[in-house]
Amino acid sequence: MACVTVWAIAADKSKEAAELRLFLIKLSGRQMRHKKEFTNPALLSGLWVFLSMLEIMDAYSQEELDSLKATAQQFLGKDV
């Protein structure tokens, strides 16, 4: 199912799909070669991160996330 979804996102020519592809590539953390907009594996990686984020946002309250962010900042610095 996920591969079909990634293929559909990759094949869609709409502005919304292009914005989603850019968003997913950023979430994937992958760099694209010069003049290469995206790859299917990078889209799949970004989709996995996005779905994980959505699950976390459903599982934790805003206050709990803020508390976890503050704790992470103690260890990782203020840029978190």
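Nothing fancy with the numbering, it's 1 onward along the sequence. In what follows, every heavy atom counts, from backbone to side chain, and hydrogens, waters and symmetry copies are set aside.
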### Task
Apply side-chain contact (heavy atoms from CB on, under 4.5 Å) to Met53 and Leu27, showing your working.
CA-CA 10 Å; Met53 287 173 43; Leu27 287 179; 3.8 Å; yes
Hey, does the side chain of [X] reach the backbone of [Y] with a donor-acceptor pair shorter than 3.5 angstrom?
| X | Y | value |
| --- | --- | --- |
| Glu19 | Glu16 | no |
| Arg21 | Leu43 | no |
| Ser28 | Ile25 | yes |

Tell me whether [X] shares a hydrophobic cluster with [Y], the cluster being built from Ile, Leu, Val, Met, Phe, Trp, Tyr side chains joined at under 4.5 Å.
| X | Y | value |
| --- | --- | --- |
| Phe75 | Leu65 | no |
| Val6 | Trp48 | no |
| Phe50 | Leu22 | no |
| Leu51 | Ile56 | no |
| Tyr60 | Leu54 | no |

### Query
How far apart are the C-alpha atoms of Leu44 and Asn40, what are their side-chain angles, what is the distance that settles it, and do they pass the side-chain contact (heavy atoms from CB on, under 4.5 Å) test?
CA-CA 6 Å; Leu44 185 59; Asn40 287 349; over 6 Å; no
### Shortest non-hydrogen contact between Glu64 and Ala59, atoms and distance
OE1-O, 4.3 Å
### Query
What's the spacing between Thr39 OG1 and Arg33 CZ if we round to 0.5 Å?
10.0 Å
